[in-house]
Amino acid sequence: MTSTAPETQRGQDAGDPLGEQPTSWQRRLRRFGHVPRPETSLRDRLDPPWTRPGRQVWSVLAIPPHVADRLVRWSAWGGPLLVTLVAGLLRFWRLDQPNAVIFDETYYAKDAWALVNQGYEGSWPKDVDKLILKDPSSVPIPTDPGYVVHPPVGKWIIGFGEQLFGFTPFGWRFMVAVLGTISVLLLCRIGRRLFRSTFLGCLAGLLLAVDGLHFVMSRTALLDLIVMFFVLAAFGCLVVDRDRSRRRLADALPVDEEGVLRPDARIAETLRLGWRPWRLGAGVMLGLAFATKWNGLYVLAAFGLMTVLWDVGARRTAGAARPYMAVLRRDLTPAFLSTVPVAIVTYIVSWTGWIVTDKGYYRNWAATEGKGSSWSWLPDWLRSLWHYETQVYDFHVGLTSGHTYESNPWSWLVLGRPVSYFYEEQAGCKESSTGKCAAEVLAIGTPLLWWLACFALAYVVWRWLFRRDWRAGAIACGVAAGWVPWFFYQERTIFLFYAVVFVPFLCLAVTMLLGAIVGPAAGTGARADLGLISKDPTGERRRTLGAIAAGVLVLLIIWNFIYFWPLYTGTSIPEDLWRDRMWLDTWV
């Protein structure tokens, strides 16, 4: 566990409202156990310090302080890499199983193979999947263009794995597994930066590593996990950009004779924050997400608003009297230019194969059906692409045909209706009372993790609204950006596995809740990771009990993942055991 930096003296920073005397109602609440929020220096509010591990564990293990300090430094990368190694071993173990084309792999695996070999998707004959599994070299790539309804980036990525390992289940799943594994590393590092704690960052990554939906999607050649990867990478870029811009702002503020940082309205309102490459990187990542599936566009809008609000908060903290006006003058235009146009350009570039081959679906529309249009002054490829996009949009909004595994987004968090990607029944199973065994790949999150996440989201929203915790707001934004847009399309056919886009943020929310359950060390100061600071002598006992409770919850989540392992990997088990895992009737 971690402890925080020494407590800052009361009223250290001029103009800091935390240095004021408590109001009368706060004094009255103290008799009921109310604990005032800790005082925090201006520099720590702009550039929060990292938490330092306590010495108790090292003392028990008889590790010298200099060795302990070195281990702590190594743990910043060593811990995340260890968690990532575990996640990678899980995801790549028997990745080629089941040896079948499961669920929508029938579209993306074949489209990817055509894309990397000829630059555009082909129109594949029906019932070709069995022949591909038997002898992929005997299956010619169709030269007739195929009508596809998703942009090409995700298929280019899947196709790269096929180029490396062949037109086989392992080949078309390889790159998705790579991105799924790297996303665990990203979340460890993002969580570490978000909470200023290596332990909590690794905990967030561990939760993602043992989430069933993320695990299944990492082993299946679908597009949604690729969208999730780029969304998470964009979020990480914005968090780094936030830290660097606030540090730059803090460095520009004046320091008085006593070495205390002081707010300055003029600097806070006029300082230009300069070149921000991490926000530009976020624009590229969001463009790649949008160029994989269109739901990335909603994330672009949400994250764009979030980063602007972060700038408002930074300038207000630095002393700006009119922070919104300051951001409007100094930050809004650069923020827009480094995200929206960059994302759009990235999206258009992703269609290069379709543009240069001149053989893709609708590629020559502008020169044939669209000839004579009032927009004929634009390049033919651009008009053809725009027409293609409008046809795809009409398809998506009109997709209302029923499906066995469709679900309403209201039911996603409680795992109301998971999707069965693969199911095979075997007769003559002696271990089963029914004489049958079942092998299934079920796209479902680890139930205990998701059900705990429901409470964690409530806590996050509370903490954002009533404690004004920016971390809680960022996590809530990530969940909302991936989830809320689907409520506007409830009439169309949608599935639970779309939720994988916001699974990392659910893990961050659960981590935040577990951190609050553990609580800070008694008597520690200014910027505890989570929760209130207590100077009660019994604080260590409360922290011990909190650590036990949080540890039990994590162990239960890991056990739950192991329990559902056969349903995540398509492992054949007796039908009795399969039915034992159908906890809800809607899972069958």
Side-chain angles (χ1 to χ4, degrees), residues 84 87-88 90-91 103-104 108 150-151 153-158 161 173-191 204-239 281-282 284-300 302-303 343 346 409 412-413 418-419 421 443-446 449-450 453 474-486 494-511 568:
T84 304
L90 292 174
R91 280 152 179 75
F103 201 63
D104 281 354
Y108 306 126
H150 292 298
V153 163
K155 287 166 283 187
W156 279 110
I157 291 173
I158 293 171
R173 294 168 190 164
F174 175 78
M175 283 304 300
V176 184
V178 169
L179 296 187
T181 302
I182 297 176
S183 67
V184 173
L185 176 62
L186 287 179
L187 191 64
C188 287
R189 294 289 297 177
I190 290 170
L206 177 63
L207 293 176
L208 186 63
V210 297
D211 174 63
L213 182 60
H214 186 274
F215 177 80
V216 170
M217 296 298 289
S218 298
R219 293 167 54 89
T220 311
L222 271 65
L223 302 180
D224 300 86
L225 184 123
I226 300 174
V227 177
M228 180 279 305
F229 175 83
F230 290 129
V231 167
L232 184 60
F235 182 78
C237 289
L238 291 177
V239 172
V284 174
M285 293 297 107
L286 291 169
L288 292 172
F290 177 33
T292 302
K293 286 187 76 172
W294 279 3
N295 52 322
L297 185 61
Y298 293 102
V299 182
L300 170 64
F303 282 8
T346 302
W412 287 359
L413 288 183
V419 182
Y421 284 175
I444 183 174
T446 303
L449 173 60
W450 282 62
I475 294 169
C477 179
V479 174
W483 184 27
V484 171
W486 294 110
I494 53 180
F495 303 93
L496 170 65
F497 65 82
Y498 295 170
V500 74
V501 174
F502 61 84
V503 165
F505 301 97
L506 293 183
C507 294
L508 288 173
V510 172
T511 300
Y568 298 144

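Side chains are part of it too, since the values below use all heavy atoms of this structure and drop only hydrogens, waters and symmetry mates.
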Item checked: Side-chain heavy-atom pair Thr84, Thr181 within 4.5 angstrom cut-off -> yes
Checklist line | Gap separating the SG atom of Cys237 from the CZ atom of Phe303, nearest 0.5 angstrom | finding: 11.0 Å
Item checked: Over all atoms of both residues, closest heavy-atom pair of Leu300 and Ala343 -> CD2-CB, 3.9 Å
Next item on the list: Evaluate the side chain to side chain contact (heavy atoms under 4.5 Å, CB included) criterion for residues Leu506 and Leu449: first the C-alpha distance (whole Å), next the side-chain angles of each, then the deciding distance (0.1 Å), finally the verdict.
Entry: CA-CA 9 Å; Leu506 293 183; Leu449 173 60; over 6 Å; no
Next item on the list: Begin with the C-alpha distance, continue with both residues' side-chain angles, and end with the deciding distance and a verdict on side chain to side chain contact (heavy atoms under 4.5 Å, CB included) for Leu223 and Val153.
Entry: CA-CA 9 Å; Leu223 302 180; Val153 163; over 6 Å; no
Next item on the list: Taking the side chain as every heavy atom from C-beta outward, state whether Val176 and Thr220 have any pair of such atoms under 4.5 Å apart.
Entry: no
Check: Parallel, tilted or perpendicular: which fits the ring planes of Trp412 and Tyr498, with parallel below 30° and perpendicular above 60°?
Finding: perpendicular
Checklist line | Those residues that, when tested against Trp294, pass side chain to side chain donor-acceptor pair (under 3.5 Å) (two or more places apart) | finding: Tyr347
Note to self: Tyr298: which residues meet the ring pair (Phe, Tyr, Trp, His ring centres under 6.0 Å) condition with it, sequence neighbours left out?
What the structure shows: none
Checklist line | Closest non-hydrogen atom pair, Ala443 against Leu496 | finding: O-CD2, 3.9 Å
Identify each donor-acceptor pair in which a side-chain atom of residues 477-485 lies under 3.5 Å from a protein atom, sequence neighbours left out, and give them as a table.
residue, atom, partner, partner atom, Å
Trp483, NE1, Pro409, O, 3.0

List the atom pairs, with distances to 0.1 Å, where a side-chain N or O of residues 205-214 and a protein N or O form a donor-acceptor pair under 3.5 Å, not counting sequence neighbours.
residue, atom, partner, partner atom, Å
Asp211, OD1, Thr446, N, 3.4
Asp211, OD1, Trp450, NE1, 2.6
Asp211, OD2, Leu213, N, 3.3
Asp211, OD2, His214, N, 2.9
His214, ND1, Arg91, NH2, 3.0
His214, NE2, Ser183, OG, 2.9

Item checked: Ala204: partners by side chain to side chain contact (heavy atoms under 4.5 Å, CB included), with sequence neighbours left out -> Leu187, Leu508, Thr511
Item checked: Contact check, side chains of Asn295 and Trp486, non-hydrogen atoms, under 4.5 Å -> yes
Margin query: Checking Leu179 now: which residues fulfil side chain to side chain contact (heavy atoms under 4.5 Å, CB included) with it, not counting sequence neighbours?
Written below: Ile157, Leu225, Ile226, Phe229
Checklist line | Heavy-atom side-chain proximity of Leu286 to Thr346 below 4.5 angstrom | finding: no
Next item on the list: For residues Ala233 and Met285, report the shortest heavy-atom separation together with the two atoms involved.
Entry: CB-SD, 3.8 Å
Margin query: To check you understand the geometry: which heavy-atom pair defines the closest contact between Pro151 and Ala291, and what is its length?
Written below: CB-O, 2.9 Å
Next item on the list: State the CD1-CD1 distance between Ile190 and Ile475, to the nearest 0.5 angstrom.
Entry: 11.0 Å
Check: If you take all heavy atoms of Met175 and Gly161, which pair is closest and at what distance?
Finding: CG-N, 3.5 Å
Check: Which pairs with one or both residues in residues 225-237 pass side-chain hydrogen bond (donor to acceptor under 3.5 Å, both in side chains), sequence neighbours excluded?
Finding: none
Item checked: For Tyr421, all residues meeting ring pair (Phe, Tyr, Trp, His ring centres under 6.0 Å), sequence neighbours excluded -> Phe103, Phe497
Next item on the list: Compare every heavy atom of Ile158 with every heavy atom of Leu222, then report the nearest pair and how far apart it is.
Entry: O-CD1, 4.3 Å
Item checked: Pairs flagged by salt bridge (charged side-chain N to carboxylate O under 4.0 Å, His left out) wherever residues 228-239 is involved - sequence neighbours left out -> none
Checklist line | Pairs meeting criterion salt bridge (charged side-chain N to carboxylate O under 4.0 Å, His left out) with involvement of residues 214-228, two or more places apart | finding: Asp224-Lys293
Next item on the list: With rounding to the nearest 0.5 Å, note down the distance linking CZ in Phe230 to CG in Leu232.
Entry: 11.5 Å
Notebook entry, point to check: Is any side-chain heavy atom of Val503 closer than 4.5 Å to a side-chain heavy atom of Met228?
Noted result: no
Next item on the list: Any salt bridge (charged side-chain N to carboxylate O under 4.0 Å, His left out) involving residues 474-483? Give me the pairs, sequence neighbours left out, ordered by first then second residue.
Entry: none
Next item on the list: Report the residues that fulfil ring pair (Phe, Tyr, Trp, His ring centres under 6.0 Å) with Phe215, sequence neighbours left out, ordered by chain and then residue number.
Entry: Phe561, Trp565
